[in-house]
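What follows is a single structure, written as structure tokens, with notes after it.
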Amino acid sequence: MQLHRLVETSREVTATSSRTAKTTLVATLLAEAEPQEAGLVAAYLAGVLPQRRTGIGWRTLSAERPAAAARPTLEVAQVDRRIQELADLAGSGSSGRRRELLRTLYADLTDAEQRYVTGLLSGELRQGASDGVLLAAIAQAADVPAADVRRAVMLAGFTAPVAQAALTDGAAGLARISLEPGRPLRPMLAGSAPDVPAALDGTPVRLDRKLDGIRIQAHKVGEDVRLFTRSLEEVTERLPEVVELVAALPHDTVVLDGEVIALAADGRPEPFQVTGSRTASAGSPEALRASTPLTTFFFDLLHLDGEDLLDLPLAQRFSRLADLVPPDALVPSMVTDDTEEAQRFFAETVEAGHEGVVVKRLDAPYAAGRRGAGWVKVKPRHTLDLVVLAVERGSGRRRDWLSNIHLGARDPDTGGFVMLGKTFKGMTDETLRWQTERFRELATDDDGWVVTVRPEQVVEIAFDGVQRSSRYPGGVALRFARVLRYRDDKSADEADTIADVRALRG
DNA sequence: TTCCGACAGTGGGGTCGCAAT
DNA sequence: ATTGCGACCCCACTATCGGAA
């Protein structure tokens with residue numbers, strides 16, 4: 001298939017807001033793909049590169065853009081091969097060679113093709129169609145039920161191989177995709193609720209302690225153990241403690257879901273940054289263990305010795321899990337239908353330094369990749385009244401608005417403000433309209449991207465916690481900050497202080 | 001007809017490894 | 001040695017479409 005066909009479809013997909021129309025456009029092109037390129041075309045249509053790492057990012061892409069070719073010439077498969085060359089050179093010290101490859105590729109692309117490939121390489125195609133539309137389109141093009149496609153994607157972990165199987169072999173191809181121990185599947189995700197009562201539905205539920213660590217999917221096949229993150233990156237070499245724990249399980253084939261976290265000597269959790277740093281670090285097993293020991297807590301069992309457990313209700317999966325793993329490797333949890341009891345568990349968990357709870361329906365199967373009602377997380381929420389120091393121009397649908405605000409805490413010592421981070425979250429279109437006008441009035445400077453304002457507007461901010469920061473002058477930053485409301489009943493000299501913020505860090 | 005679940009988009013801070021400076 | 005970049009860890013929230021109720 002010619003790349004320009006794909007680019008033309010992408011343009012049409014972007015042009016319509018109808019999802020059914022997007023789906024039909026994608027399905028039509030999928031049906032045109034040659035059998036051997038179906039997976040590749042599917043991935044490209046969803047804005048995904050088969051190569052996870054290319055070494056080419058936003059910065060490199062904006063640095064150079066050669067003159068475009070007058071006419072389209074490249075096949076999708078040719079583009080894939082040339083991007084593969086780039087990816088093969090990533091991390092090999094040949095950035096000059098990679099830039100050269102990028103230049104010659106772009107010189108062979110028309111203007112529209114260049115923009116499309118830039119979207120692919122940067123991961124920001126923004127055509128209003130991604131995995132969800134692709135999934136529906138695969139079902140339409142292969143004439144198979146969407147639910148079967150969804151299930152296959154969950155089991156395969158990625159969409160492209162499912163598209164390949166469905167478009168070449170239809171229902172029979174889909175049916176051949178199963179949970180394969182040793183190969184990661186998409187993890188089940190949780191929705192969220194503002195408090196414990198909102199997460200309960202009157203029936204008994206299991207409340208798991210929510211640990212602020214790294215999600216781990218563990219596979220054991222005979223002597224072989226492999227570990228994967230939420231995005232299915234393999235991290236086996238980085239977590240020798242977890243490998244040892246899983247290898248010791250007295251079963252031949254096991255697939256587990258859980259979380260690893262660094263605990264202090266007193267058993268309280270370390271800040272997320274400590275666990276994150278350890279998990280991102282390479283080194284010898286001995287050095288890794290010695291640097292920051294990790295503790296593993298499993299909360300689900302997906303497969304055991306040839307038996308898939310995904311469709312069993314949680315109650316049964318958890319009971320099988322509890323029989324399998326050592327008690328101290330099982331996530332602390334409880335079952336209740338009583339609101340007060342659940343509230344108490346939540347309060348104790350937070351008091352012990354943990355992130356919150358995940359409320360799980362006892363009858364829910366393991367539905368990977370969906371943020372449904374099966375699992376709901378509840379976390380405490382902090383708030384502060386801060387002052388807006390600057391605003392950044394938005395992009396995409398926020399192009400004409402001032403969007404991302406810079407947040408400052410009052411510093412009584414200097415009479416000024418200390419920046420703590422930024423946020424673009426929690427704003428409705430109405431808020432965006434209002435703040436665009438308001439901050440234009442308060443503007444003192446504009447560098448084309450950031451508009452600096454007189455520090456007068458107070459905003460109430462919700463956030464999950466305070467973390468150590470090397471970026472911001474106060475040495476602290478807010479985690480997951482979002483706007484609750486603008487406050488016109490408070491002036492900037494009534495805003496919360498940097499001392500208030502530091503006190504939250506303890 | 002109204003409601004609500006699922007998606008896509010719009011970005012946040014921190015950390016590592018690697019290459020260039 | 002330091003800095004910039006890419007990639008990945010954690011992620012919240014709103015608007016919209018279209019099927020469910």
Side-chain angles (χ1 to χ4, degrees), chain A residues 13-14 16-23 46-47 52-63 90-96 98 121-136 146 150 189-192 194 211-216 229-233 235 238 259-261 271-283 355 369-373 377 379 381 392 394-399 401 403-407 420-432 461-472 476-484:
Chain A
V13 166
T14 307
T16 175
S17 65
S18 160
R19 282 189 202 140
T20 48
K22 287 176 193 282
T23 301
R52 297 190 70 152
R53 272 171 281 259
T54 59
I56 305 294
W58 182 84
R59 200 77 198 205
T60 308
L61 290 167
S62 59
S92 65
S94 46
S95 81
R98 295 205 330 273
L121 287 167
S122 67
E124 293 186 349
L125 200 53
R126 299 188 187 187
Q127 59 180 7
S130 186
D131 230 36
V133 165
L134 177 59
L135 191 151
R150 179 183 297 280
L189 304 176
S192 58
L211 298 149
D212 194 8
I214 305 280
R215 183 84 174 262
I216 291 296
T229 65
R230 188 168 97 92
S231 67
L232 313 188
E233 280 290 306
V235 287
R238 300 185 174 195
E259 189 98 357
V260 293
I261 185 169
F272 173 74
Q273 285 160 305
V274 174
T275 300
S277 165
R278 162 61 213 274
T279 309
S281 299
E355 203 184 5
R370 307 186 79 170
R371 289 187 186 277
K377 62 185 162 189
K379 300 192 279 187
R381 194 188 73 176
E392 295 175 11
S395 66
R397 72 184 296 280
R398 293 191 180 188
R399 192 180 320 108
W401 287 324
S403 175
N404 198 5
I405 58 176
H406 296 196
L407 304 168
L420 292 174
K422 313 176 189 178
T423 185
F424 59 93
K425 293 174 186 159
M427 296 153 183
T428 64
D429 287 1
E430 178 53 36
T431 309
L432 287 160
I461 296 294
F463 60 100
D464 277 23
V466 175
Q467 55 191 346
R468 193 178 59 235
S469 172
S470 57
R471 172 184 316 216
Y472 290 111
V476 288
L478 302 182
R479 189 150 179 234
F480 309 144
R482 59 266 192 191
V483 170
L484 289 182

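Here is how names work: the chains are called A, B, and so on, in the same order as the sequence lines, proteins then strands, and each is numbered from 1. Values reported hereafter were calculated over all heavy atoms of this structure, with side chains retained and with hydrogens, waters and symmetry mates removed.
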- Short side-chain N/O contact from R468(A) to OP1 or OP2 of dT15(B), under 4.0 Å: yes

- Item | Ion pair E233(A)/R53(A), N-O distance below 4.0 Å | yes

- dG13(B) phosphate, OP1 or OP2: any side-chain N/O from R471(A) under 4.0 angstrom? yes

- Item | R98(A) side-chain N/O to dA19(B) phosphate OP1/OP2 under 4.0 Å | no

- Query: Within the pair R52(A) and dA7(C), is there a side-chain N or O less than 4.0 Å away from OP1 or OP2?
  - Reply: no

- Item | Phosphate OP1/OP2 of dC16(B) contacted by T279(A) side-chain N/O (<4.0 Å) | no

- Task: Can you check whether any acceptor in the base of dT16(C) is under 3.5 Å from a donor in the side chain of R19(A), or vice versa?
- Result: yes

- Item | Side-chain N,O (T54(A)) to OP1/OP2 (dA7(C)) below 4.0 Å | yes

- Task: May I ask you to verify if any side-chain N or O of R150(A) is less than 4.0 angstrom from the OP1 or OP2 atom of dC7(B)?
- Result: yes

- Message: It should be established whether S395(A) places a side-chain nitrogen or oxygen under 4.0 Å from OP1 or OP2 of nucleotide dT10(B).
- Response: no

- Task: Scan every strand shown for a Watson-Crick or G-U wobble partner of dA20(C), both distances under 3.5 Å, and answer none if you come up empty.
- Result: dT2(B)

- Task: Check whether any side-chain N or O of S277(A) sits under 4.0 Å from OP1 or OP2 of dC16(B), and answer yes or no.
- Result: yes

- Query: Closer than 4.0 Å, any side-chain N/O of R59(A) to the OP1 or OP2 of dC5(C)?
  - Reply: yes

- Side-chain N or O of K379(A) less than 4.0 angstrom from OP1 or OP2 on dA12(C)? yes

- Message: Taking 4.0 Å as the cut-off, does a side-chain nitrogen or oxygen of T275(A) come that near to OP1 or OP2 on dC10(C)?
- Response: no

- Query: OP1 or OP2 of dG11(B) less than 4.0 angstrom from a side-chain nitrogen or oxygen of T423(A), does that happen here?
  - Reply: no

- Check whether any side-chain N or O of S130(A) sits under 4.0 Å from OP1 or OP2 of dC7(B), and answer yes or no. no

- Atom CZ of R52(A): over 12 foreign heavy atoms under 6.0 Å: yes

- Note on the structure: Per nearest nucleotide of DNA chain B, the residue lying toward the 5' end, R397(A) or Q467(A), is R397(A)

- Message: Against the six-membered ring of F424(A), is R398(A) placed for a cation-pi contact (under 6.0 Å from the centre, within 45° of the normal)?
- Response: no

